[in-house]
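Throughout, protein chains are lettered first and strands after them, A, B, ... in sequence-line order, and every chain is numbered starting at 1. On a predicted model such as this, the values are computed, not experimentally measured, just so you know.
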There are 2 protein chains.
Amino acid sequence: MSVPELNARSAAVLDTIVERYILTGEPVGSGTIARLLDESVSPATVRNVMAELERLGYLEQPHTSAGRMPTRRGYRQYVTGLPVRGLMSDDDARNLRSQIAPDPIEMDELLRRTCHVLADLSELVAVVAAPPLSDTAFRHVDFVALEGNRVLAIVVSRAGQVKKRAVVLSEPMTQDQLDQAAAYLVRRFAGRSLREVTLRIQELLTGAGERLEVFERQAIALGATSITGDLDESEVLVEGSSRLLAAPDVETMGDLRTVFEVIEERRLLALALRAEESSDGPRVVIGCEPLPTGLEHCALVSASYGHLDGPHGTVAVLGPTRLQYARTIALVDAIASATTAALVRLTR
Amino acid sequence: MSVPELNARSAAVLDTIVERYILTGEPVGSGTIARLLDESVSPATVRNVMAELERLGYLEQPHTSAGRMPTRRGYRQYVTGLPVRGLMSDDDARNLRSQIAPDPIEMDELLRRTCHVLADLSELVAVVAAPPLSDTAFRHVDFVALEGNRVLAIVVSRAGQVKKRAVVLSEPMTQDQLDQAAAYLVRRFAGRSLREVTLRIQELLTGAGERLEVFERQAIALGATSITGDLDESEVLVEGSSRLLAAPDVETMGDLRTVFEVIEERRLLALALRAEESSDGPRVVIGCEPLPTGLEHCALVSASYGHLDGPHGTVAVLGPTRLQYARTIALVDAIASATTAALVRLTR
DNA sequence: ACTTAGCACTCTCCCCCTGGGAGTGCTAAC
DNA sequence: GTTAGCACTCCCAGGGGGAGAGTGCTAAGT
């Protein structure tokens, strides 16, 4: 994008307007800004700058004789000007870590806590996408015979995630046979990522490359129906959605109903988070861009946790565009770090 | 309660007012009712009846010269006058059953589907409380060694529910030892309800009544920390909460924020449902009575599924007091039956 | 004794108007 | 390039005023 650089004063005016607007929720006039700015300028000068900023698309007016409020682009500019890291004291960060993972637990619990703490501290909607199973190593599988020809397959990942699925066998198997099959699969595949396991199993099933014992073949087939599939759907935790209703600027969020629908439809959220995934620092999305329809008037502050070559996911805060960016970015960043640390301890 | 019986005409007037109010959401005047009633009466007569109904606490006026609207008591009376069963055609019921459980699956999936279908058809918030684990029979347990001294305990109930918990051992155990312990526990306790198992384990731990091998003692101890505990917390599924925002009478629901908080705080919902539990037909709660604070302006239509001597839980619809009771009651009742049927097939 | 027509009364809601205030853009002077 | 001055625009809150819906009461009818 060929966005013209703003000179220092214009940027200062824009920042002040954004901050003021976030604070009060009302269009900001030239007088207010002139008073708030460090350097002393007259309202008239500010007006000139504002007119310029409006021409450039950073500001808009609800009507002719009202103050200005930031556009999406205005927010964007403001946010990119914010310092990214180190906004949180070491003490606070440590504190956070102990709140999230006071002692070694399992991954689900860890993520629940992460989500809870994030919702609590951000006072907004916290969203946590669990690592998709395909990224984590296969640790264990267990088959439990149910009534009929049904079998409950329970897959455990290295990090202690558990996935279960009921499958129907074409012909009955005894619990002994099931145990053998499970043991075989564990022996053969433990330690590899579930994505790899899936791949290997597919190969073994189609290519007749290898000579397999009968029971091995059976085990592989069982693994195919139970381990394989929807590994990429990562669970999404949400907490604090009721906060949206108490936000001082509910009206600005557009149709609340659709916002809640998106939140409820976890898949959409998961996609939005996935799209944002990357290894470094916190990210901010304002308005629709990569967000699903319905969130046009929301902002999403997200950061990834974990390591790209291991299990990793995303934590995020969803709120109105009028949110306290500096604070929230620092928080999300710190939470992501804390979660990463806890995750490492879990899989160590 | 010594509620005076209403004579036929008073009851008819009340019913008409309630139905009209549910339809339009506006206070109903005597003229409307006079027109709507089967027997032809004049508005003046209706006014007399209405004044009487107001004195008895069934109706209220928002202000002197507006129509009447039902009070909680008015709704209550209206609902008790509704037929309870057989409001849904057999065809619809069958249809429902096939939507919920097209083929044998596992319990969680069954309940998710139940919740989904209920939300879909009621166009309101569907709430499903899963059977607490303590009611279901113990089928299987599996211990998976994690890093450190942590062990992941996975408990499977007869119906195929899975519960996991990470526990920390005071001293390390090999996977072999863990497998032995699990096998021992299964051998010894499979088939009993988890409540019983918990009890037995407690006995064995405290009373030195029985001579136990070392590894048995170890297994029991492991079982105590992993099987025992929070069995009574039943998971609660919720779907469709965004519907509340689209309800034509959002305002009447009081503070939406607190309503959503209660919904988000599943424990509160679980308690409310548990309080209502009983074996027979659908139940309706209007306003606070046994509902948690915040739901003063909501109605809850619930019914139990399953059998009291086996796994059982509750399905419910949460909505504004102004909901279509007849339809909703029939639906909830039918869903509960369908779920019961599916559950029986699952554990057969 | 119950029902009903008639009537005065009450209260809300909506529309219109108006004045005040906040903020703007422009122009001209610094 | 900055600023004071000024006319202009537009929203918003507050104050009638009239229409409409619905009531309670009274008195007459069955």
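Residues A:His297 and A:Asp255 fail the side-chain proximity criterion, which asks for heavy atoms closer than 4.5 Å.
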A:Tyr78/A:Glu19 under side-chain contact (heavy atoms from CB on, under 4.5 Å): CA gap, chis, key distance, verdict: CA-CA 9 Å; A:Tyr78 166 74; A:Glu19 272 165 14; 3.1 Å; yes

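Computed from coordinates, the A:Leu59 CG to C:dG25 P distance equals 11 Å when rounded to whole Å. Here C:dT24 presents its P atom at 14 Å from CE of A:Met69, a figure rounded to the nearest Å. B:Glu39 has its CD atom 13 Å from the C1' atom of C:dC2, to the nearest Å. Atom CD1 in B:Ile33 sits about 14 Å away from atom C1' in D:dA21, given to the nearest Å. Between A:Glu26 atom CD and D:dC12 atom P the separation is 10 Å, expressed in whole Å. Rounded to whole Å, atom C1' of C:dC11 lies 17 Å from atom CD of B:Glu60. Rounded to an integer number of Å, the gap from A:His63 NE2 to C:dG21 C1' is 11 Å. In this structure, CD of B:Glu54 is placed 7 Å from P of D:dG24, rounded to the nearest angstrom.
The residue among A:Thr32 and B:Thr64 whose nearest nucleotide of DNA chain C is located toward the 5' end is B:Thr64. Annotation: of the two residues near DNA chain C, A:Ala66 and B:Arg9, the 5′-most nearest-nucleotide partner is B:Arg9.
Within 6.0 Å of atom CG in A:Asn7, more than 12 heavy atoms from other residues, nucleotides or ligands are found, so the atom counts as buried in its surroundings.
Checking C:dT24, D:dT2, C:dT4 against the side-chain heavy atoms of B:Ser42 singles out C:dT4 as nearest. Checking D:dT2, D:dC10, D:dT3 against the side-chain heavy atoms of A:Asn48 singles out D:dT3 as nearest. Distances from the side chain of B:Gln61 to the nucleotides D:dT23, C:dT4, D:dT3 place D:dT23 closest. The side chain of B:Arg47 approaches C:dG6 more closely than any other nucleotide in the set C:dG6, C:dC11, C:dT24. Closest to the side chain of B:Ser65, from the set C:dT10, D:dT3, D:dC10, is C:dT10. The side chain of A:Met50 has C:dT24 as its nearest neighbour among C:dC11, C:dT24, C:dA5.
Residues B:Thr71 and B:Glu60 have side chains that never bring a donor and an acceptor to within less than 3.5 angstrom of each other.
The phosphate of C:dT24 has OP1 or OP2 within less than 4.0 Å of a side-chain N or O from A:Ser30. Regarding contacts with the backbone of C:dG25, a side-chain N or O of A:Arg68 is found under 4.0 angstrom from either OP1 or OP2.
Taking every heavy atom of both residues into account, B:Leu59 and B:Pro70 meet most closely at CD2-CA, 3.9 Å.
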